[in-house]
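Working notes, beginning with the structure itself.
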Amino acid sequence: MMAPALPREFYQRDTATVARDLLGRTLVHVVDGIPRAGRIVETEAYLGPHDLASHSSKGRTERNAVMFGPPGHAYVYMIYGMHFCLNTVTEPEGHGAAVLLRALEPVVNLPGRTGGPGLLCRALGIDRRWNGCDLTGPDLYISAETPPRKLRILTSPRIGVDYAGAWARRHLRFYLAENPFVSGKKPRKTA
DNA sequence: AGCGGGATTAGC
DNA sequence: CTAATCCCGCTT
């Protein structure tokens, strides 16, 4: 559990690459000295202001300012008036990109469901106060420990961004194959 | 100052 | 399918 946090350089890269590379790694939140940890099994990449599904596509605002800041920080926002979503800022400062963490497989001290961005934040105890938190610090971070075995990674369009035209169809969602904690609609065998 | 809508979830 | 529920960002 004492593995170091991923360094800032990890996040300062191509956003889709970071989204893939985060899969299988362990997200840790230390609450009152007690670590809560889960394995990241589902992510989505939001590429920047040109990406019409990204919050940054409407330019820098008070809400999304952290996205335009330096990489390796947490972008946390409230959605639908009742849930929080946790992102990691990526690319060089000023770019306006982030990776949404959508689902965890519980590792330690994560009771309740963790499959879905809102549930993930609830289980970890993440809310608005963590917006802007430096992920290279000791309280909220992703372990630098490399996933032990090779991962089977699948892709799909991102969830809930149908308004984004062609960008909605891009495969910028990444998840571990056959992992029961992955959220969203499973592909249905119809035809 | 008012209003529309959202990177979701749960319940009918 | 739709309500819940609050903050933000844009319009008036």
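Because the structure is predicted, anything quoted here is derived from the model rather than measured. Within every chain, numbering begins at 1; the chains are lettered A, B, ... in the order of the sequence lines, protein sequences first and strands thereafter.
A donor-acceptor contact shorter than 3.5 Å links the side chain of A:Arg158 to the backbone of A:Trp167. With hydrogens and angles ignored, the 3.5 Å screen pairs a side-chain donor or acceptor of A:Glu44 with a backbone N or O of A:Ile159. In terms of modelled atom types and a separation under 3.5 Å, the side chain of A:Asn179 and the main chain of A:Val41 share no donor-acceptor contact.
For A:Asp21 and A:Arg13, the salt-bridge test passes: some basic side-chain N is under 4.0 Å from an acidic carboxylate O.
Once you apply a 4.0 Å limit to the heavy atoms of chain A, the touched nucleotides of DNA chain C run 5' to 3' over C:dA4 to C:dG9.
A donor-acceptor contact closer than 3.5 angstrom links the side chains of A:Thr15 and A:Thr90.
A cation-pi arrangement, defined by a distance under 6.0 Å to the six-membered ring centre and an angle within 45 degrees of its axis, is present between A:Arg63 and A:Tyr77. Cation-pi geometry between A:Arg129 and A:Phe84 is not satisfied (NZ or CZ under 6.0 Å from the ring centre, within 45° of the ring normal).
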Q) Reading nucleotides 5-12 of chain B 5' to 3', which nucleotides get B (base under 4.0 Å from a protein heavy atom), which S (sugar-phosphate only), which -? A) -BBBSS--
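Between atom CG of residue A:Leu101 and atom SG of residue A:Cys121 there is a gap of 8.0 Å, rounded to the nearest 0.5 Å.
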Q: With pairs defined as Watson-Crick or G-U wobble and both distances under 3.5 angstrom, please note down DNA chain C as a dot-bracket string, | for pairing with another strand.
A: ||||.||||||.
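Of all heavy-atom pairs spanning A:Thr26 and A:Ala37, the tightest one is CG2-CB, 3.8 Å.
Within 6.0 Å of CZ in A:Arg8 there are more than 12 heavy atoms belonging to other residues, nucleotides or ligands.
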